[in-house]
There are 2 protein chains.
Amino acid sequence: MKLEQERIVAAALALVNREGLSGFNLRALALMLNVRASALYWHVGSKDEIVARMAKMLYERAFDAAPKGVGWQGWLLGFGRAFRASLLGQRDSAQICTMARLLDTNIPTLMERIAAPMVEGGIDKASAVSMQGAVIAYTLGWVVYEQSSTLHDTLEQMYDFTESYERGLTAMVRGFAADRSKPP
Amino acid sequence: MKLEQERIVAAALALVNREGLSGFNLRALALMLNVRASALYWHVGSKDEIVARMAKMLYERAFDAAPKGVGWQGWLLGFGRAFRASLLGQRDSAQICTMARLLDTNIPTLMERIAAPMVEGGIDKASAVSMQGAVIAYTLGWVVYEQSSTLHDTLEQMYDFTESYERGLTAMVRGFAADRSKPP
DNA sequence: ACCTGAACACCGTTCAAGT
DNA sequence: ACCTGAACACCGTTCAAGT
């Protein structure tokens, strides 16, 4: 039963990769699974829930790919890069994350797990979640523009996406480090 | 004729404020203007175009509200805050900006205008657009989570939105300043 | 337990026809 | 020039009915 949900989410991500988010609908999704659209409702509550699970998958991929044991600054940098890579690996992923209404049950566990490497590094939990949230927000927003069908080409000829993302990321993390070295 | 388009966009923003983005449809929008949905197509090309114009409005409000003549670092900080304020003043604004496919004609002029205060401050255009883009991305991403119906309450009890946004913003801008003081 | 078939209300968009 | 009325194809979702 859990397996069926994961099959649905995987098919949904593949469908968005092929057709784009605007071409993602339950009839086409059901067709990929050799089933009718109404059959999906046995395994999943709504289209919104599918979108939420897609977004969760993108966060988890980032968490799994991010290098561990590199200190809290290294973790912030690594998770940011891994999150961007996760998003760039999936078409319209930034839109998916933006419109996803993550389930209340998923949120605490997901945030705990992501902030854990920082707390272990000696950062208080409030600061950890706050800084982590800033890096995630920056990365998501960055990919919104990088994936924008109308903005991508124009932006690309003004600066290199990876290089500029990196500059913003390191600037932010360096600024956080400077912040924490001044107040005891 | 231009006036009609602005009336449509204003009504659309008001409708989203009342009903949310999911309740925003052309029949309801037309009703607000005492007209049928099909009549909108005389003044505007599509629903997507209306969304693009809504997003453009949000960027312009930020630009107009941001303080001028405060140096390039002050401009980055001021524009970031003004953009966040503009977004928070409109329901579901982050979603609007994310899904908006800005028209190609608007992009160059809009970006030129936003980067102009930095270029006047002695920053080369490529760096200006890059740093500006990072601040915009961070702010948009931040408000995505701040406006998220399922995340807002959980995040609010972990940290103060305004204070944490401010810490991320100043960290990034301070990092940019440190960057530029080292390489000549 | 799991799926189909048919239907429901709703949506963006088009277009002939009105004024 | 600007709008209406009616229609089109499509969508998420529900639910009785099948197996």
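As the structure is a prediction and not an experimental result, all values here were calculated from the model. Convention: sequence-line order gives letters A, B, ...; per-chain numbering from 1.
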Nearest to side-chain heavy atoms of [X], which nucleotide of [options]:
X: A/Tyr41; options: D/dG12, C/dC11, C/dT13; value: D/dG12
X: A/Trp42; options: D/dG12, C/dC2, D/dC3; value: C/dC2
X: B/Lys47; options: D/dT14, D/dG5, C/dT13; value: C/dT13

Tell me, yes or no, whether the heavy-atom count around A/Arg113 atom CZ, taken from other residues, nucleotides or ligands under 6.0 Å, exceeds 12. yes
Is there a donor and acceptor pair closer than 3.5 Å between the side chain of B/Ser46 and the base of C/dG12? no
Test log, rule ring-ring contact (aromatic ring centres under 6.0 Å, His included), inputs A/Tyr145 and A/Phe161: CA-CA 10 Å; A/Tyr145 295 104; A/Phe161 279 118; 9.8 Å; no
Whole-Å distance separating the [atom1] atom of [X] from the [atom2] atom of [N]:
X: A/Phe24; N: D/dG12; atom1: CZ; atom2: C1'; answer: 11 Å
X: A/Leu26; N: C/dG5; atom1: CG; atom2: P; answer: 17 Å
X: A/Leu31; N: D/dC11; atom1: CG; atom2: C1'; answer: 15 Å
X: A/Arg27; N: D/dA9; atom1: CZ; atom2: P; answer: 14 Å
X: B/Met99; N: C/dG12; atom1: CE; atom2: P; answer: 10 Å
X: A/Leu40; N: C/dC3; atom1: CG; atom2: P; answer: 9 Å
X: B/Asn25; N: C/dT13; atom1: CG; atom2: C1'; answer: 13 Å
X: A/Leu21; N: D/dG12; atom1: CG; atom2: P; answer: 11 Å

Does B/His43 have a side-chain nitrogen or oxygen under 4.0 Å from the phosphate oxygens OP1 or OP2 of D/dA1? no
OP1 or OP2 of C/dC3 versus the side-chain N and O atoms of A/Arg36: is any pair under 4.0 Å? no
Between B/Ala39 and B/Gly23, who's closer to the 5' end of DNA chain C by nearest nucleotide? B/Gly23
Side-chain heavy-atom pair B/Arg167, A/Ser127 within 4.5 angstrom cut-off: yes
Does a side-chain heavy-atom distance below 4.5 Å link B/Asn25 with B/Glu19? no
Who does D/dC15 pair with, Watson-Crick or G-U, both distances under 3.5 Å? C/dG5
Only pairs at least two apart or in different chains count here, so list each side-chain hydrogen bond (donor to acceptor under 3.5 Å, both in side chains) that has a residue in residues 68-92 of chain A. A/Asn17-A/Gln90, A/Trp75-A/Gln132, A/Arg81-A/Glu166, A/Arg84-A/Glu146, A/Arg84-A/Thr162
